[in-house]
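Keep in mind that this is a model prediction, so the values were computed, not measured. All values below were derived from every heavy atom in this structure, side-chain atoms included, with hydrogens, water molecules and symmetry-related copies excluded.
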Amino acid sequence: QVQLVESGGGLVQAGGSLRLSCAASGRTFSRYTMGWFRQAPGKERDFVAGISWIGGTINYADSVKGRFTISRDSAKNTVYLQMKNLKPEDTAVYYCAARSAVPISTTTFSYQYWGQGTQVTVSS
């Protein structure tokens with residue numbers, strides 16, 4: 001069984017920053033790709049960023065490039081999403097996900113494990 005637990009969400013003003021964390025447990029993640037997705041009310045769950053454990057390959061959605069940074073701490077089995085210059089349109093529930101394959105995927109069905117989500121609200 002795999003568990004993913006997100007933390008770090010909250011309310012922030014536009015232009016502010018937040019750092020989300022995703023702690024993974026239950027399996028060794030040396031061959032897992034990790035992803036961050038977000039879902040705003042009434043919208044689909046969209047890819048935000050992904051990182052492969054092997055090689056550290058990183059991919060971002062165009063909407064967050066230059067503002068968000070994904071990173072990992074292999075020793076802690078934790079993935080982070082540093083978010084800067086936040087905008088009201090970044091408001092969503094942010095989910096951490098894991099897939100047992102190396103290539104980063106931007107599709108939700110490619111990920112086998114999901115966290116419960118953490119709310120990020122950006123006020124204007």
When rounded to the nearest 0.5 angstrom, what is the spacing between [atom1] in [X] and [atom2] in [Y]?
X	Y	atom1	atom2	value
Asn59	Ile51	CG	CD1	11.0 Å
Lys84	Leu18	NZ	CG	12.5 Å
Ser7	Arg19	OG	CZ	8.5 Å
Trp36	Leu20	CH2	CG	4.5 Å

Over 60° means perpendicular and under 30° means parallel, so tell me whether Trp114 and Tyr95 are parallel, tilted or perpendicular. perpendicular
Can you list the steps and then say if Val120 with Arg38 is a side chain to side chain contact (heavy atoms under 4.5 Å, CB included)? CA-CA 9 Å; Val120 171; Arg38 66 185 181 186; over 6 Å; no
Can you get from [X] to [Y] by hopping between Ile, Leu, Val, Met, Phe, Trp and Tyr side chains that sit under 4.5 Å apart?
X	Y	value
Tyr60	Tyr94	yes
Val48	Ile58	yes
Phe68	Phe47	no
Val64	Ile70	yes
Tyr113	Tyr111	no

Show the nearest heavy-atom pair for residues [X] and [Y], with the distance to one decimal.
X	Y	value
Val79	Met34	CG2-CG, 3.5 Å
Ala40	Ala92	N-CB, 3.8 Å
Ser21	Thr78	CB-CG2, 4.4 Å
Ser124	Ala14	CA-CB, 4.4 Å

For Phe37, is the NZ or CZ atom of Arg45 found under 6.0 angstrom from the centre of its six-membered ring and inside 45 degrees of the ring axis?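 That pair does not qualify as a cation-pi contact.
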Check against side-chain hydrogen bond (donor to acceptor under 3.5 Å, both in side chains), Gln112 and Ser100: CA-CA 8 Å; Gln112 294 94 346; Ser100 56; 3.2 Å; yes
Could you check Thr69 against Tyr80 for side chain to side chain contact (heavy atoms under 4.5 Å, CB included), going step by step and ending with a plain yes or no? CA-CA 8 Å; Thr69 302; Tyr80 304 97; over 6 Å; no
Residues Asp62 and Lys65 bridged, charged N to O under 4.0 Å: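 Looking at Lys65 together with Asp62, the answer is yes, because their closest N to O distance falls below 4.0 Å.
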Should Thr91 and Gln119 count as side-chain neighbours, where that means a heavy-atom distance under 4.5 Å?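 A side-chain contact exists here, since the closest heavy-atom pair is under 4.5 Å.
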Assess the residue pair Val12 and Met83 against the criterion (side chain to side chain contact (heavy atoms under 4.5 Å, CB included)); give the C-alpha distance rounded to whole Å, side-chain angles, the decisive distance to 0.1 Å, and a yes or no. CA-CA 11 Å; Val12 64; Met83 305 184 294; over 6 Å; no
Measure from the side-chain N and O atoms of Thr33 to the backbone N and O of Ala101, and report whether any donor-acceptor pair falls under 3.5 Å. yes
Judged by atom type as modelled, is there a donor-acceptor pair below 3.5 Å linking the side chain of Glu6 to the main-chain atoms of Cys22?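 The answer is no, because no donor-acceptor pair under 3.5 Å joins these two groups.
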